[in-house]
Amino acid sequence: MYTARWYGFGVSQGLTKSVLHFFPTSSNVSAPYPLQCKIEIFSERFGKKTLILDGARLHQPDGIKLEAAFPVLEDGAHPIFGISLELSGQTQRVDIRASQVFMELINAGSRVRFRLKQSEAQPEHPSAPLLYKDEHCFTDLVIVNGSSDQIKVEGLTELPKPIPAESVVAIEPADNFYEAGATFETDRSMSSFRGIVAHDFSHPERALYVMQRDIETKKIQSVYTVGV
Amino acid sequence: MAELSQRIDHFWIGSQPYFNPYLIVFPQEDGFEPSETHLDLFDPDGELFNAAKIIVDTPRVQCISLEPFLSACKVESGMKHCHLRASSSAGTEVFCRLHAQAQTTLLGKAQFLNETLPGFFPLTIEEGVTNMLALMNTEDAIGTLKLRLYVGNRNPEVSISLAPNGMSLIHLEHEFKEVVEGLGQKTGRLATYQGYVRIASKSSVAVQMLTKETVAQDQPHFSALG
């Protein structure tokens, strides 16, 4: 039986809500076979919550509002939490590794969408997160640790302790982080960039994202998935 | 100089009058070696209108305005826009950043599609939102693909043809006008509808989705998805 799993994060805070979209597809089967779909959310605050979703079918896109599906999110007091989605075919024949999963963060009518990292997908080329900052926006590094081991990340003094198992953190590097990077004048302002060496993230249950925010309102403007 | 590997990325580049595009070349610091990135820029009709080579000899990120490379780019649908193919040495990543009036948007890599790997994007159909797909043909032969919209109980399909190395910026609300207009007929007003688009191609195509939202003060907000 083929199983595929994705790791990412959601936000459920104030006006910001999360919707998980998924498109189960197969390169070798065209019939709308039923699939098993398991969604887990996790954070240091509430531990791990699991939902088994009925009715998922091959080639049928679907989405789920996470605040409606997980009562623990109803209070809207979760600036960030981890998520995993697992799809399983019922027979060995159905290869579902081409399926795709997206997160959508909705805030007062504006939407930010990003692709979730598939756990077993091995990128053809290694990838590292690129962080940047200017007078209008800044970036957070989001580290999703869905594994049962803690992670120690080197090179970020903002991380005083290892990241616990089954948790997620968003780190805004301090201004001096960019001193070792590069700064350029663009049409908008001076923009600073710096990459991070990410040794520990080839683990299938870990994922990295870079989240761009407005410098004044802190509103999330975009998210990119590292290594996809 | 690091050997030029097969790392090839594709980007849709939007330019005047909406965007100022920048190329970000990111040499990864581990075991850094000077690297090359070859840029090929194609008009929507697939004509190569410019090519360039960027040599990076320091392990620091480079940010380069693409505007000087686009002077020969044709204007199509009121905008200069093109298909960028970036071929980089091993250990070098390339991103594009679009600067618009109110914000910047970092473009990740376009999604690759082929016969066994369809494309898929969630979308929202509502007033003030425009959903666009930038479809780029990565081959030297004509490409054909099919777009299927899933909204409500409808799933209409259209076929699109792409010139060799060419691109097309598809406005989904225009392409599926009949279905989208039908959504608002019962109430006389278009509410918010969740939809999905599936892209199937027998040839190799790269795709990015661009969404334009006008939420407040007529300042459009652009977001991109690869």
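This is a predicted model, so every value here is computed, not measured. Labels below follow one simple rule: chain letters A, B, ... track the order of the sequence lines, proteins then strands, and each chain is numbered from 1.
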*Asks:* Can you tell me how far apart CD (A:E185) and OG (B:S65) are? Round to the nearest 0.5 Å.
*Replies:* 11.5 Å
*Asks:* What distance do B:R60 atom CZ and A:F193 atom CZ have between them, rounded to the nearest 0.5 Å?
*Replies:* 13.5 Å
*Asks:* Side chain to side chain contact (heavy atoms under 4.5 Å, CB included) between A:E104 and B:Q194: does it pass, once the steps are laid out?
*Replies:* CA-CA 11 Å; A:E104 179 176 32; B:Q194 177 62 54; 3.8 Å; yes
*Asks:* I'd like to verify something: which residue of B:L123, B:T58, B:I64 has the highest number of heavy-atom pairs under 4.5 Å with chain A?
*Replies:* B:L123
*Asks:* Looking at every non-hydrogen atom in both residues, tell me the closest pair between A:A182 and B:V61 and how far apart they are.
*Replies:* CB-O, 3.4 Å
*Asks:* Closest approach of A:I196 and B:F26, non-hydrogen atoms and distance?
*Replies:* N-CZ, 4.4 Å
*Asks:* Can you give me the closest heavy-atom contact between A:C137 and B:R97, atom names plus distance?
*Replies:* SG-NH1, 4.3 Å
*Asks:* Which bit of A:D95 is near chain B, if near means a heavy-atom gap under 4.5 Å: side chain, backbone, both or neither?
*Replies:* neither
*Asks:* How far apart are the C-alpha atoms of A:R111 and B:T211, what are their side-chain angles, what is the distance that settles it, and do they pass the side chain to side chain contact (heavy atoms under 4.5 Å, CB included) test?
*Replies:* CA-CA 9 Å; A:R111 292 169 172 80; B:T211 306; over 6 Å; no
*Asks:* Check each atom of B:E115 against the heavy atoms of chain A and say whether the ones under 4.5 Å are side chain, backbone, both or neither.
*Replies:* neither
*Asks:* Measuring heavy-atom distances to chain B, does A:Q212 have an atom under 4.5 Å in its side chain, in its backbone, in both, or in neither?
*Replies:* side chain
*Asks:* Could you walk me through whether A:Y224 and B:F95 satisfy the side chain to side chain contact (heavy atoms under 4.5 Å, CB included) test, starting with their C-alpha distance in whole Å, then the side-chain angles of each, then the deciding distance to 0.1 Å, before giving a yes or no?
*Replies:* CA-CA 11 Å; A:Y224 92 81; B:F95 297 93; 3.7 Å; yes
*Asks:* With the side chain counted from C-beta on, respond yes when B:F121 and A:H21 share a heavy-atom pair under 4.5 Å apart, and no when they do not.
*Replies:* no
*Asks:* Given that the side chain runs from C-beta out, which part of A:T186 has a heavy atom under 4.5 Å from chain B: side chain, backbone, both or neither?
*Replies:* both
*Asks:* A:N28 versus chain B, heavy atoms under 4.5 Å apart: side chain, backbone, both or neither?
*Replies:* neither
*Asks:* List the atom of B:T116, the atom of A:A98, and the distance in Å for their closest heavy-atom pair.
*Replies:* O-CB, 4.1 Å
*Asks:* Got a sec: does the OH of B:Y18 have more than 12 other heavy atoms crowding it under 6.0 Å?
*Replies:* no
*Asks:* Just say parallel, tilted or perpendicular for the rings of A:F23 and B:F120, cut-offs at 30° and 60°.
*Replies:* parallel
*Asks:* Check whether any side-chain heavy atom of A:L130 sits under 4.5 Å from a side-chain heavy atom of B:E93, and report yes or no.
*Replies:* no
*Asks:* What closest approach, in Å, do B:Y196 and A:G63 show between heavy atoms, and which atom pair accounts for it?
*Replies:* OH-N, 3.2 Å
*Asks:* So how far is it from A:Q100 CD to B:Q111 CD, rounded to the nearest 0.5 Å?
*Replies:* 4.5 Å
*Asks:* Say you draw a straight line from CG of B:N155 to CD of A:Q60; how long is it, rounded to the nearest 0.5 Å?
*Replies:* 8.0 Å
*Asks:* Could you state the interatomic distance from CZ (A:R115) to NZ (B:K109), rounded to the nearest 0.5 Å?
*Replies:* 13.5 Å
